[in-house]
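Below: one structure, written as structure tokens.
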Amino acid sequence: MKQSENSDVTALDPLDDSPIARELADLTARRKNLDSATVSLPGRTRIITVSNQKGGVGKTTTAVNLAAALANVGARVLVVDLDPQGNASTALSIPHGTDTPSVYDVLIDEFPISDIVQTSPESDLLTCAPSTIHLAGAEIELVSQVAREHRLRTALEDYLSTVEHKPDFVIIDCPPSLGLLTINAFTAAHEVLIPIQCEYYALEGLSQLLGNVRMIQKHLNPALHVSTILLTMYDGRTRLAQQVAEEVRSHFAEQVLDTVIPRSVRVSEAPSFGQTVIAYDGQSAGAIAYREAAVEIIQRYNDTHAESAANEGGA
Ligand SMILES: Nc1ncnc2c1ncn2[C@@H]1O[C@H](COP(=O)(O)OP(=O)(O)OP(=O)(O)O)[C@@H](O)[C@H]1O
Ligand SMILES: [Mg+2]
């Protein structure tokens, strides 16, 4: 049997009311809920950019694990790795050496996205437009380019209008900055997903990020909105994490997912095996949380759109 994180609670003494037994019972119940959850995909492509200019808050971890969890419920997903670090490409086991055609070629040399897309060995439904280190120069090279803020958007529009199997989701992993790469992501996307790490400086810089989203809405992409905030690396044993979570929820009640991603060793070690946590240890607490987040992201969208359809019908 694997680690205690995965053990079946039925194997435990029913009188055992220790914290670990309670945690395992909770995980088992959540796993069962997930297995019986029905999800319906909206039939149109949602383009979500995972952004936060703060470094190391869980953007890439969220982009790849959410993508894998969405593929796990039958969604077709394209991950666009817009970070020169190439961490999302690594986690999805996508080759991204210097000779690989990449997002750099799309942004600078107008390659079609279909020329650079690769399929992750994890699932046929999970594809990736990789980044290479060349992308580090793109931020500066883009400055002198025509339509420099629209390049990703145009390329994605072309891709979505020609590809045989349209993705249900495009998830863009942004670098930790608010430069032209992130602006390209904001211009191309419908939704912004902000991962927030439950720590002391969590909200610092958030107003700058939201200010940028407003600026993009005004000048480049009126459809853009912050649809989702996800609390990451949550350690419920600390008072600080609880306080940060409460504060974020009080400011952004509508956007914050009920699901919280716990700090988990499995989540952090999965990329070193070129895997998402869904493939690496799908029954672990981190994998379950990302699977729950995926279902919540689908269901919230369906609920909102059913509501607006009902309002339009009744008007
Ligand atoms: N839930 C988690 N539990 C444990 N470790 C985590 C979790 N989420 C992320 N990490 C770890 O935290 C570090 C930063 O995560 P990640 O690379 O996803 O952040 P990022 O916002 O993409 O960083 P950057 O700004 O450099 O792009 C990584 O080492 C990752 O493995
Ligand atoms: Mg990253």
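In each ligand, atom 1 is the first atom listed, and ligand 1 is the first ligand listed.
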TODO: For I261, counting its heavy atoms only, list the atoms of ligand 1 lying under 4.0 Å from any of them.
DONE: 1 (N)

- [ ] Give a yes or no on this: more than 12 heavy atoms of other residues, nucleotides or ligands lie within 6.0 Å of atom NE2 of H225.
- [x] yes

Open item on the list: Does the plane of the ring in H134 sit parallel, tilted or perpendicular to the ring in Y104? Use 30° and 60° as the thresholds.
Closed with: tilted

- [ ] Could you tell me whether some N/O pair between V57 and ligand 1 is separated by less than 3.5 angstrom?
- [x] yes

Open item on the list: Within the 4.0 Å heavy-atom shell around S264, which atoms of ligand 1 are there?
Closed with: 2 (C), 3 (N), 4 (C)

Task: Enclosure of D124 CG (heavy-atom neighbours >12, cutoff 6.0 Å) - done: no

Task: Distance-minimising heavy-atom pair for P195 and V50 - done: CG-CG1, 3.6 Å

- [ ] Run the contact test for N87 against ligand 1 with a 4.0 Å cut-off on heavy atoms, strictly below, and give the result.
- [x] no

Task: atom 23 (O) of ligand 1 [closest protein heavy-atom partner, distance rounded to 0.1 Å] - done: G56 N, 3.0 Å

Task: Nearest-contact summary for atom 1 (N) of ligand 1 - protein heavy atom, Å - done: P262 O, 2.9 Å

- [ ] Identify, by atom number and element, the atoms of ligand 1 in contact range of D83, meaning under 4.0 Å from any of its heavy atoms.
- [x] 27 (O)

Task: Exercise check, heavy-atom protein proximity under 4.0 Å to atom 28 (C) of ligand 1 - done: no

Open item on the list: Applying a strict under-4.5 Å side-chain criterion to I, L, V, M, F, W and Y, I'd like to know whether I116 and L160 cluster together.
Closed with: yes

TODO: Do me a favour and list the nearest non-hydrogen protein atom to atom 7 (C) of ligand 1 with residue, atom name and distance?
DONE: M233 CG, 3.4 Å

TODO: Considering only non-hydrogen protein atoms, determine which one is nearest to atom 19 (O) of ligand 1 and report residue, atom name and distance to 0.1 Å.
DONE: G58 N, 3.0 Å

Task: Heteroatom N/O/S of N87 within less than 2.8 Å of the Mg ion (ligand 2) - done: no

Open item on the list: Same cluster or not: L193 versus V77, using hydrophobic residues (I, L, V, M, F, W, Y) connected whenever any side-chain heavy atoms lie under 4.5 Å apart?
Closed with: yes

- [ ] Just need the protein heavy atom nearest to atom 20 (P) of ligand 1, so name the residue and atom and give the distance.
- [x] K59 N, 3.5 Å

TODO: Check for a donor-acceptor pair, side chain of D158 on one end and backbone N or O of A155 on the other, with a separation under 3.5 Å.
DONE: no

Open item on the list: Under 4.0 Å from atom 4 (C) of ligand 1, is there at least one protein heavy atom?
Closed with: yes

Open item on the list: Among all protein heavy atoms in this structure, tell me which lies nearest to atom 26 (O) of ligand 1, with the distance rounded to 0.1 Å.
Closed with: Q85 NE2, 3.3 Å

- [ ] Identify the residue among T49, I183, N184, L181 that makes a side-chain contact (heavy atoms from CB on, under 4.5 Å) with L152.
- [x] N184

- [ ] Please identify which atoms of ligand 1 are closer than 4.0 Å to at least one heavy atom of G55.
- [x] 25 (O)

Task: Closest non-hydrogen atom pair between L142 and R148, with its separation - done: O-CB, 3.2 Å

TODO: Using the side-chain contact (heavy atoms from CB on, under 4.5 Å) rule, take D258 and R300 through it: C-alpha gap first, then chi angles, then the decisive distance, then the call.
DONE: CA-CA 11 Å; D258 295 338; R300 280 181 176 227; 3.9 Å; yes

Task: Enclosure of E199 CD (heavy-atom neighbours >12, cutoff 6.0 Å) - done: yes

Open item on the list: Once you restrict to heavy atoms under 4.0 Å, what part of D173 touches ligand 1? Side chain, backbone, both or neither.
Closed with: neither

Task: Residue part near ligand 1, for T61, under 4.0 Å between non-hydrogen atoms - done: both

- [ ] Would you mind listing which atoms of ligand 1 come within a distance below 4.0 Å of any non-hydrogen atom of S268?
- [x] 4 (C), 5 (N), 31 (O)

